[in-house]
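Just below is one structure, and these are the notes that go with it.
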Amino acid sequence: MSRRLLLGACAAAFMSFASYTVVGGAGAAQALRAPAAVQTTSAPQRAVLEKYCITCHNQRIKTAGLMLDTMDTAAVAEHAEVWENVLLKVSTGVMPPAGRPRPDKADRDGFISWLESELDAASAARPNVGRGTLHRLNRTEYANAIRDLLGLQIDGAALLPADNAAYGFDNIADALSLSPVLTERYLSAAATVSHLALGRVSGTPSPETYYVRTDLDQRDRVSEDLPLGSSGGLAVRRYFPADGEYSFKMKLQERGSGRFGPRDDPRQLDVSIDGARVWTFTGGGPKPAPAGDKPTASRAAPAAPQPEGDIIPNEAQRRAEPQQNVEDLLQFRVHVKAGSHLVQVYFVPLTSAYVEDVIEPTIRTKYLPGNGAGDPALSSLTITGPYDAAGRDDSPSRRRVFICRPATKDDTACAEKIISTLGRRAFRRPLTATDLQTLMGLYRTAADRSGFESGIEVALRGILVNPQFLFRLEGQPASAVANTPYRVTDLELASRLSFFLWSSIPDDELLDVASKARLHDPAVLEHQVRRMLADERSSALVKNFGGQWLLVRNMAGVTPNPEYFFQFDDNLRKGFQQETELFIDAIIREDHSVLDLLDADFTFVNERLARHYGIPGIYGERFRRVALPPDSVRRGLLGQGSILTVTSYSHRTSPVLRGKWILDNLLGAPPPPPPPNIPELQEKATDGKVRSAREQMEQHRRNPSCAGCHARMDPLGLALENFDAVGAWRTVDQSDAPIDASGTLPDGGKFDGPVALRKELLTNRAGDFVTTLSQKLLTYALGRGVEYYDAPAVRQIKRSAAPTNYRFSSLILGVVKSAPFQMRMARDLAGAPNSAGSTPGPTGSSTPKLVN
Amino acid sequence: MLITRLHLPRRTFLRGAGVALALPFLDAMVPALSAMKNTAAQPVRRFGTVYIGNGKNMAKWTPATEGSGFEFSPTLKPLEPLRDQLVVVTGLDNWPAMDQGDAGGQHSRTGPAFMSGVHPKQTEGADVRAGITIDQIAAQVLCKDSKLSSLEMALDRTDVVGACEHKYACAYINSICWRTATTPLPMETNPRFVFERLFGSGDTVEERLARSEEDRSILDVITSEIGRLRRTLNPHDGLKLGEYLDAIRDVEQRIQRVEASNVELAVPDRPAGIPQTVKEHAELMFDLQLLAFQADITRVSTLMLAREISGTTYNEIGLPDGHHSISHHGNNPEKIQNYTKLNTYHVQMFADFLKKMAATNDGDGSLLDHSILLYGSGMSEGNVHNNLDVPVLVAGGADGRLKGGRHVRYPKGTPLANLGLTLLDKMGVPVENFGDSTGKLEVLSGM
């Protein structure tokens with residue numbers, strides 16, 4: 001039965017573990033770590049405990065409530081939660097604490113591997129895959145599901161309220177609550193989505209505005225979606241629900257003198273759709289555009305007339321023209337076909353040659369970000385429409401929905417076909433007769449009143465608020481024994497898989513495989529996982545997993561103090577985010593080892609970013625891959641502007657924040673929260689001189705109650721001090737002293753600067769990094785916090801990825817094959833939900849949890 | 001007042017077990033209250049709350065003198081023109097927000113404790129628990145027949161990762177309104193959504209009615225679906241699905257009331273989205289709140305101008321640091337100045353809103369005359385996370401039941417919940433106690 005190769009006396013332990021791990025040993029490449037010689041007595045481990053641990057953790061002193069002298073090393077299973085905590089502290093080097101005697105490497109490794117195998121065996125004997133909670137779709141998943149179901153690109157944030165997050169992610173079942181407000185929004189969203197999808201637009205169209213941040217530098221091309229040679233503006237991909245007229249209105253920024261002033265050179269503003277220009281306007285110049293001259297509702301509105309005769313117009317006349325006029329002229333209407341289109345608004349500069357004129361350096365007054373004097377800048381674009389929608393036209397989403405047409409007026413076969421197809425995709429399983437009957441009921445009522453399409457629309461709305469769409473329903477078979485795990489069905493597994501890798505519903509191929517009950521087959525499962533990773537929808541992993549794990553999502557809200565960082569603008573903000581996203585995406589698509597996240601020999605930059613990083617020879621807005629030499633400070637996540645900025649304050653760096661970030665997200669050893677009422681750091685010495693960060697934090701070292709935690713955190717952050725609060729390299733800090741980026745960790749690791757820190761992490765902490773990443777992936781995949789009883793699964797994921805040197809796909813496969821991912825704990829069907837659980841469930845105990 | 005205990009132990013709300021949590025005890029109260037309501041032309045009372053997290057610089061908030069004719073402090077200066085319609089209340093303690101052995105999480109506790117008087121449970125998981133808040137208690141009575149039972153709005157974006165306190169679920173920071181002890185209400189940040197909640201979609205009454213009819217038939221179907229599905233799930237999942245059922249029933253009731261009211265509203269222009277500056281955003285939300293009151297769409301509204309640990313920067317007044325950072329001034333004089341500046345800015349926004357309320361006609365009096373507005377923070381000195389002597393003030397006439405123009409100071413140890421109790425009484429929602437209240441506030445309660 002067991003297909004795993006086993007060695008030595010570990011046979012028994014591993015055998016029982018394998019029968020519960022539904023891994024099935026896919027692939028012969030599953031090499032094993034050499035198992036430690038199983039102790040029939042645990043005497044050597046007992047000796048280690050006596051020597052290094054029990055001096056504090058005993059019944060007499062009761063340090064941290066842990067009494068190791070009373071615990072039986074021959075019966076680890078009885079106190080698995082406590083032992084997992086012991087294992088965590090010892091393997092991450094937290095215990096024994098700094099300054100106390102530590103075991104040598106051999107003893108330590110022996111202890112760790114003994115404890116791991118004991119705990120794994122205990123878990124195999126009595127597996128606990130954790131209690132799932134009913135899991136609703138979050139906002140992102142809802143929007144992606146709509147995209148895949150109806151071919152409609154919508155912005156989830158425009159339709160639904162934000163979701164609560166927990167354990168660092170916004171797809172945690174327990175935190176995704178329900179309320180009447182949310183239900184109303186679901187109803188409203190269902191109507192909006194179905195109207196958009198079917199192109200049924202009625203009533204006054206609502207405007208949709210796209211804003212440009214005021215701190216975007218618009219003097220050059222700002223996006224790869226804008227034409228070469230353009231400057232400023234914005235590009236947005238938008239879904240136009242029906243053929244019809246749409247109005248476009250542009251607003252310019254008010255600050256600086258970003259308007260078409262009469263003293264400026266004439267400026268040209270263009271609007272293009274899918275690369276074809278639909279409107280142009282030239283403003284500014286000696287004669288302002290005359291009032292009342294509004295462009296007509298057709299292509300290429302007339303430009304402002306050029307002055308005839310006098311070059312210098314009547315001063316009084318010019319002053320009498322209100323500035324408001326320019327705004328009124330920046331709008332037009334144009335006919336647009338239904339579908340997704342790229343709308344581009346941009347300025348066309350007269351020339352890219354430098355003006356040999358008066359030098360006008362960019363001077364920032366107070367906190368007004370923006371462009372240099374005289375350059376107009378776009379503030380927003382508002383699109384409203386369609387006006388006079390010409391009825392039911394063709395559109396990509398209509399084609400996706402209407403796969404047939406009714407033959408006669410009373411023909412319901414077509415409606416049934418459409419509803420079954422949509423319902424199967426939306427509910428992620430074939431519709432039952434009852435499902436269909438219910439939906440057809442909705443169809444008939446509406447169709448009788450207003451026709452076929454109306455009926456389909458109401459049925460679609462009924463699908464979109466249906467709990468089978470909004471929730472990932474997982475049943476419990478009657479045969480399941482309470483408090484033991486059972487395997488979820490293939491269809492349920494398909495949902496888990498697609499929400500994990502795509503943050504969306506399964507596609508038809510995955511549903512087909514699952515419907516045929518073939519998905520649980522290890523070879524089929526692996527094939528599907530690889531297919532899904534290669535599919536472009538796996539970019540959801542970058543944005544949703546990567547964005548939250550590494551806090552990159554916070555980049556959008558970061559506002560560094562312009563007084564200190566006046567070079568920072570929205571171009572850089574977007575650039576940072578894009579660099580990290582492209583980087584993680586490359587790691588996934590090229591299936592790198594996850595260790596490359598720490599030290600890859602490449603990154604992605606455009607001109608702005610390259611200038612910021614000091615990488616020469618990069619020109620243009622386009623992001624391109626660049627190679628980084630081994631001694632480059634920019635290799636890996638720790639050299640990327642996004643990480644360095646989100647871990648800083650708006651006016652200075654914080655080595656503590658950065659150290660904490662590393663401990664939390666890379667090493668899985670989060671520090672406890674600070675005690676209350678900590679005094680502020682003294683930023684200036686008594687003589688008024690500004691102090692360096694290291695000097696400011698000296699209290700962390702001097703005071704032993706601070707040092708306990710800060711000795712682990714501060715050196716990590718201080719090693720990155722050469723990166724300022726927006727990720728630029730510096731050699732002197734705010735106190736004008738040369739930066740000292742050296743550090744020593746309590747376990748002896750020494751480094752000086754980011755390159756050495758990287759090497760230290762890779763050499764000595766690579767295991768912790770992989771473990772942490774596995775935990776985060778598991779949290780994200782399961783939609784619940786990872787608990788102590790998941791630790792064996794995490795170890796198994798890491799072990800299974802070791803042979804490939806921890807390639808990303810191996811970790812993903814490890815997660816997918818793990819017991820918690822494929823199984824569910826049966827609940828007692830008879831009792832109330834709060835009945836005393838006999839199996840250990842997540843308890844709010846005082847012992848710290850295993851993960852973040 | 002013949003109503004006795006409104007306050008139920010939290011356990012009652014938790015028990016649930018799939019039964020609709022529509023507070024049965026209040027149904028029993030209704031006959032008594034409606035008799036009260038139908039007496040001589042009682043004007044409709046409104047209750048609004050405006051909340052600012054991260055405390056205030058108390059040195060500049062607390063007026064130096066007490067009683068009538070008190071001197072306005074620097075932070076409260078913008079409210080001086082409205083002196084006669086407001087009461088500054090000092091000395092109240094938000095004790096439930098304090099650390100009671102669960103260290104850290106001061107901000108997470110302050111918000112929920114502000115209007116509930118309950119010490120929130122320390123958890124990161126689904127078992128968040130605080131207490132029902134006074135706005136929801138009021139809504140159950142005041143908005144029983146309203147189109148909307150209450151309106152919750154906020155300005156801060158809630159999708160910032162890692163911004164919540166250790167060991168506390170983000171739900172504690174994201175909302176200060178709790179419908180039950182276990183249900184925090186989401187607070188809407190997009191004015192467009194608020195608009196649609198108030199006015200629905202559709203331009204004419206016919207369109208709105210057609211839409212609500214369709215919605216109702218859809219919800220009918222879903223209700224029976226849920227019943228059917230619950231039988232296939234384990235009890236725990238079934239309970240959660242039951243929450244959806246409760247929510248649907250709530251929405252159905254509201255739709256029914258809309259159809260019954262059939263009022264032709266002069267619907268203003270739909271807002272386009274979230275404005276760029278804080279001031280514009282706040283103004284828009286205040287305007288919507290005013291509209292909601294004016295058109296009697298709801299009578300209870302809460303606006304969280306700044307949530308706890310808010311990272312919002314106020315570049316428009318020269319403050320590029322985040323709100324929370326500003327509140328931790330570390331006794332640096334320049335930073336304290338910034339803190340005061342920000343406090344005053346918020347007060348100014350509120351003052352502008354009050355002026356509009358005062359200028360809005362509401363039958364025999366202005367909208368402000370018939371309202372009670374609570375403004376303040378659950379934390380006093382933000383730098384040290386103090387929750388004693390919190391900064392609050394009450395504005396409005398409460399239809400003649402609130403005498404303004406005073407600064408009233410209460411002795412140490414007076415719970416903040418007593419203020420809530422007093423306000424509920426003035427709204428005609430008599431409650432014996434809630435949270436850690438010990439009784440109504442003297443001086444304030446007796447006019």
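Values reported hereafter were calculated over all heavy atoms of this structure, with side chains retained and with hydrogens, waters and symmetry mates removed. Below, read A as the first sequence line, B as the second, and so on, with proteins coming before strands; counting in each chain starts at 1.
For A:V558, no part sits under 4.5 Å from any heavy atom of chain B, backbone or side chain. Of the atoms belonging to A:R784, not a single heavy atom falls under 4.5 Å from chain B. For A:A173, the part lying under 4.5 angstrom from a heavy atom of chain B is the backbone only. For a residue to count as touching a neighbouring chain, one of its non-hydrogen atoms must lie under 4.5 Å from one of that chain's; by this rule A:L160 touches chain B with the backbone only. Using a 4.5 Å cut-off between heavy atoms, B:L241 touches chain A through backbone and side chain atoms alike. Using a 4.5 Å cut-off between heavy atoms, A:A478 makes no contact with chain B at all.
Between A:T183 and B:D250, every side-chain heavy-atom pair lies at or beyond the 4.5 Å cut-off. Counting heavy atoms from C-beta on, the side chains of A:P180 and B:R179 come closer than 4.5 Å. B:E214 has its side chain within reach of A:R461: a pair of non-hydrogen atoms, C-beta onward, lies under 4.5 Å apart.
Of the listed residues (A:V552, A:L473, A:L442, A:V181), the greatest number of heavy-atom pairs within a distance under 4.5 Å of chain B belongs to A:L442. The most heavy-atom pairs under 4.5 Å with chain A, out of B:T232, B:L233, B:D215, come from B:D215. Highest contact tally toward chain A, considering only B:T123, B:I248, B:D127, B:I218, is held by B:I218 [criterion: heavy-atom pairs under 4.5 Å]. Top candidate by heavy-atom pairs under 4.5 Å with chain B, chosen from A:I172, A:L159, A:L176, A:V646, is A:L159.
Distance check: B:K240 NZ to A:T133 OG1 gives 6.0 Å after rounding to the nearest 0.5 Å. Distance check: A:D163 CG to B:C170 SG gives 11.5 Å after rounding to the nearest 0.5 Å. In this structure, CD in A:E474 is found 10.0 Å from CG in B:N234, a value given to the nearest 0.5 Å. For the atom pair CD (A:E184) and CD (B:E188), the distance works out to 10.5 Å, reported to the nearest 0.5 Å.
Across all their heavy atoms, A:A191 and B:R211 have their closest contact at CB-NH1, 3.2 Å. Between B:A171 and A:N164, the closest heavy-atom pair is CB-ND2, 3.6 Å.
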I'd like a table of donor-acceptor pairs (distance under 3.5 Å, sequence neighbours excluded) in which one partner is a side-chain atom from residues 463-472 of chain A, with atom names and distances.
residue: A:N466; atom: OD1; partner: A:Q468; partner atom: N; Å: 3.0
residue: A:N466; atom: ND2; partner: B:E225; partner atom: OE1; Å: 3.1
residue: A:Q468; atom: OE1; partner: A:R429; partner atom: NH2; Å: 2.0
residue: A:Q468; atom: NE2; partner: A:D435; partner atom: OD1; Å: 3.2
residue: A:Q468; atom: NE2; partner: B:E225; partner atom: OE1; Å: 3.0
residue: A:R472; atom: NH2; partner: A:H135; partner atom: NE2; Å: 3.4

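A salt bridge is absent between A:R136 and B:E243; no separation between the charged side-chain nitrogens and carboxylate oxygens falls under 4.0 Å.
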